[in-house]
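The structure appears right after this line, and notes come after that.
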Amino acid sequence: MKPKIAIRNVSRFFDVKGGTFQALRNVNLEVGAEQFLCIVGPSGCGKSTLLRMLGGLEMASTGDISIAHDNPARPLTAMIFQQESVFPWLTVEKNAAYGLQVTNNWRGAESAERVTYFLEKTGLLKFRDFYPYQLSGGMKQRLSVARAFVTNPEILLMDEPFAALDEQNKLLLQQELGKLWEEFRSTVVFITHSLDEAVLLGDRVMVMSSAPGHIKQAFDIPFARPRDFLELRQQDDFHHLTRQMWELLRQEVEAARAQEAGRLSQERARRNG
Amino acid sequence: MADQAAVSHTEHVAETPPPRKRRLPLPTAALSPLALLILWEIAARLGWIEVQFFPAPTTIAETFWQMTRTSQFWSDIGISLSRMAVGFTMGAVPGLLVGLAMGLFRPARSVFQPLIAAIYPLPKIALLPLILLIFGLGEMSKYVIVAIGVFFLMAINSMAGVMNVPAIYFDVARNLKASRWKMYFTVALPGALPGIFTGLRICVGTALLLLVAAEFVGANEGIGYRVWWAWSVFWVKTMYVGFAVIALLGFALTYAVEYLERRFLPWQGR
Ligand SMILES: Nc1ncnc2c1ncn2[C@@H]1O[C@H](COP(=O)(O)OP(=O)(O)OP(=O)(O)O)[C@@H](O)[C@H]1O
Ligand SMILES: [Mg+2]
């Protein structure tokens with residue numbers, strides 16, 4: 001079957017003061033339709049950069065990315081950003097409706113119902129008339145989750161969407177996301193720094209290397225759906241998998257630290273010399 | 001979800017978020033001006049200051065009261081306000097459009113920005129003789145001097161307003177494949193509104209200054225003219241009434257802009 005997303009030999013260089021910085025190196029990756037892919041990797045390895053490319057916000061320096069748009073009636077991607085991204089000038093409700101309205105997909109009562117549905121799911125229904133300045137950080141993050149879901153995209157791109165949430169809300173939203181996905185089945189690319197989260201949610205988990213990032217290893221997650229997260233966390237297989245990933249990741253995190261230290265001492269040497 | 005919903009709904013509802021206190025409460029704010037007035041009154045009555053130059057506030061108030069019962073007083077205010085309104089609109093609308101264009105389009109920026117940067121530092125009041133020369137002593141010269149001052153401030157502030165909209169908001173729209181126009185109207189414009197209102201607020205003061213100055217030298221009615229005329233015939237109290245009216249106008253207009261801002265931009269939480 002033709003993959004939904006195909007990334008071939010993609011590298012990305014950024015112009016920085018005194019040269020270029022390579023953020024991604026020869027990334028090769030395929031994501032099948034309706035697959036839930038999780039990406040983990042050390043901080044600064046290019047995860048967000050990769051996701052922004054899929055969201056059409058960034059170009060690959062070399063290589064190519066092809067994404068199949070199967071149903072023109074649905075938007076191709078909707079992105080949940082790592083940083084705060086809800087519009088301060090719109091109320092909670094209008095923020096959630098934004099995606100449908102801006103793409104001319106607003107269908108009256110049906111759309112309004114959809115907005116209400118996802119505000120309910122994210123626990124924001126009571127706050128529908130609030131402006132973002134009246135919300136907590138976690139609530140704003142949940143709002144951006146709702147805004148993305150409302151558009152019903154073919155591909156959901158999520159950049160550490162739950163990282164800023166408290167444990168309870170995180171757990172609830174993880175479960176909710178799992179259920180929603182099992183119900184609606186879109187393609188998902190999900191970045192996280194939590195191995196637990198990746199294994200609980202994903203069909204496949206990719207571990208990335210330290211910068212310049214590339215795919216280190218992919219793990220298939222064998223657990224059947226629907227998944228019971230609490231029960232899954234008790235299983236030996238689960239621990240075995242996260243353990244394996246952690247070993248891999250630890251090398252990379254250490255490498256990333258060494259790199260950073262190296263960059264710093266180089267910098268210092270240059271300044272002193 | 002039903003049982004979970006209960007858990008995710010436990011946030012404290014910020015029914016009345018604590019407002020950011022930008023203004024002093026009125027009684028506090030009135031205290032120091034009032035003290036100054038009282039001191040002035042005492043000084044005038046006791047002859048510590050020259051009442052020819054600094055007439056006692058109560059006598060100024062009396063003159064003020066008498067003047068409000070003349071039609072001339074109100075027609076002066078009316079004519080100044082209408083000059084202000086016409087000049088303001090003539091400057092603010094093109095200023096806003098040019099500023100937004102500069103913020104949104106690089107070509108517009110490269111055309112207008114050097115021009116504006118070159119002319120902006122020139123105190124607009126210095127252009128007054130030229131404007132009187134070109135437009136004569138009629139109404140047009142008042143409109144034009146106000147319009148020029150307002151234009152530059154609006155252009156610069158609207159441009160800054162657009163350019164200061166964080167890139168992430170454009171990313172959201174771009175990711176959803178919003179059309180250009182949708183992006184301008186749903187991101188650039190609302191994001192720029194606080195900057196635009198800042199521009200308007202600054203413009204009120206500048207417009208008033210330029211108008212009064214223009215009326216000093218090239219008019220035969222209006223508040224600025226009345227002050228100037230009072231000086232020439234040495235009606236000092238009338239002059240002070242003129243000052244008070246100008247100050248009150250400035251205050252009222254600034255307040256009006258702030259009111260509109262709170263009204264139309266409730267999302268700033270002020
Ligand atoms: N516009 C840019 N200009 C220069 N360098 C950039 C730019 N954007 C990202 N980078 C660099 O590219 C690398 C990857 O950044 P990216 O944001 O993709 O990391 P990440 O994997 O998402 O990290 P984190 O887990 O901390 O969010 C970083 O070293 C960053 O400094
Ligand atoms: Mg990131």
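Within every chain, numbering begins at 1; the chains are lettered A, B, ... in the order of the sequence lines, protein sequences first and strands thereafter.
The candidate from B:Ala178, B:Ser179, B:Pro190 with the greatest count of non-hydrogen atom pairs under 4.5 Å with chain A is B:Pro190. The choice from B:Asn175, B:Thr186, B:Leu265 that makes the most heavy-atom pairs within less than 4.5 Å of chain A is B:Asn175. Chain B forms the most heavy-atom pairs under 4.5 Å with one residue out of A:Gly138, A:Ala78, A:Gly56, A:Pro88, and that residue is A:Pro88. When A:Glu84, A:Gln101, A:Met79 are compared by the number of non-hydrogen pairs under 4.5 Å with chain B, A:Met79 comes out ahead.
With a threshold of 4.5 angstrom between heavy atoms, B:Pro166 does not approach chain A through any atom at all. Only the side chain of A:Thr151 comes within contact range of chain B, with at least one heavy atom under 4.5 Å from a heavy atom of that chain. When heavy atoms are compared at a cutoff of 4.5 Å, A:Pro75 does not approach chain B at all. Proximity to chain B (any heavy atom under 4.5 Å) is restricted, for A:Thr103, to the side chain, taken from C-beta onward.
Side-chain atoms of A:Leu24 and A:Met208, non-hydrogen and from C-beta on, do get closer than 4.5 Å to each other. Between B:Asn157 and B:Leu200, the closest side-chain pair of non-hydrogen atoms is not below 4.5 Å.
Taking the ring centroids of A:Phe87 and A:Tyr98, they lie under the 6.0 Å cut-off. Aromatic ring centres of B:Tyr184 and B:Phe105 lie closer together than 6.0 Å.
By the 6.0 Å and 45° rule, A:Lys121 does not stack over the aromatic ring of A:Phe149.
Between the B:Lys177 side chain and the B:Ala173 main chain, no donor and acceptor come within less than 3.5 Å of each other.
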